[in-house]
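Below: one structure, written as structure tokens.
Small disclaimer: the values here were computed from a predicted structure and weren't measured. Numbers for residues simply follow the sequence, beginning at 1.
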Amino acid sequence: MAPAGAAPQPPSGPPPNSEIQRFTEEIGGHRASMWRNRFGQDYHTGADWESLQIWIVGEATDRAAADLQIAVFRTVRFHSR
């Protein structure tokens, strides 16, 4: 509870009915931080190769589509010039 006139504070955790999944994998010879997060009925996916400053993100409406996006992220390969 906050005193009258105080600014409201954001929730301290994820919203109810959500699921946060983060994991790290080697993809294309580089470490990638990956995620599959569900907020309500929406899924947010992504892969971030911090050492390369490259990332991919996606949105899906069901778990199967989110899993397919993760599978596609795992196919990324990098080539030297």
Side-chain angles (χ1 to χ4, degrees):
M1 202 161 179
Q9 297 297 311
S12 61
N17 195 27
S18 63
E19 178 183 345
I20 308 296
Q21 293 182 320
R22 294 191 173 276
F23 43 100
T24 303
E25 296 184 13
E26 186 167 315
I27 302 172
H30 298 274
R31 297 299 283 172
S33 298
M34 300 179 67
W35 61 91
R36 180 192 310 107
N37 301 332
R38 180 178 54 81
F39 300 105
Q41 299 300 313
D42 297 322
Y43 287 82
H44 300 269
T45 61
D48 179 8
W49 291 265
E50 189 173 318
S51 65
L52 301 172
Q53 299 181 359
I54 296 173
W55 65 93
I56 303 171
V57 295
E59 294 182 20
T61 56
D62 60 46
R63 175 67 184 250
D67 288 344
L68 180 59
Q69 290 174 3
I70 294 293
V72 170
F73 299 162
R74 289 178 173 138
T75 68
V76 170
R77 297 297 177 262
F78 302 98
H79 299 278
S80 300
R81 289 186 174 207

| request: Work out which heavy atom in V76 is nearest to a heavy atom in I56; give both atom names and the distance. | output: CG2-CD1, 3.7 Å
| Same apolar cluster: F73 and L52, side chain cutoff 4.5 Å | yes
| message | Please say yes or no: joined through hydrophobic side-chain contacts below 4.5 Å, possibly via intermediate residues, are V72 and I54 part of one cluster? | response | no
| task | Drop me the distance from W49's CH2 to S33's OG, to the nearest 0.5 angstrom. | result | 10.0 Å
| field | Contact summary for R22 and N37, nearest pair of heavy atoms | value | NH2-ND2, 4.3 Å
| query | Is the closest side-chain heavy-atom distance between F23 and I70 below 4.5 Å? | reply | yes
| Where does the angle between the aromatic ring planes of F78 and H30 fall among parallel (under 30°), tilted (30 to 60°) and perpendicular (over 60°)? | perpendicular
| Shortest non-hydrogen contact from A60 to Q69? | CB-NE2, 3.9 Å
| said: Assess the residue pair M34 and E25 against the criterion (side chain to side chain contact (heavy atoms under 4.5 Å, CB included)); give the C-alpha distance rounded to whole Å, side-chain angles, the decisive distance to 0.1 Å, and a yes or no. | reply: CA-CA 7 Å; M34 300 179 67; E25 296 184 13; 3.9 Å; yes
| task | May I ask you to test the R36-D67 pair for a side-chain heavy-atom distance under 4.5 Å? | result | yes
| task | Calculate, to the nearest 0.5 Å, the distance between atoms CD and OG1 belonging to E50 and T24 respectively. | result | 10.5 Å
| message | With a 4.0 Å cut-off on N to O distance, would you call D42 and R38 a salt bridge? | response | no
| Linked, directly or transitively: Y43 and V57 (ILVMFWY side chains, under 4.5 Å) | no
| query | Does atom CD of Q21 have more than 12 heavy-atom neighbours, drawn from other residues, nucleotides or ligands, at distances under 6.0 Å? | reply | yes
| request: Without swapping roles, check the side chain of W35 against the backbone of D48 for a donor-acceptor pair under 3.5 Å. | output: no
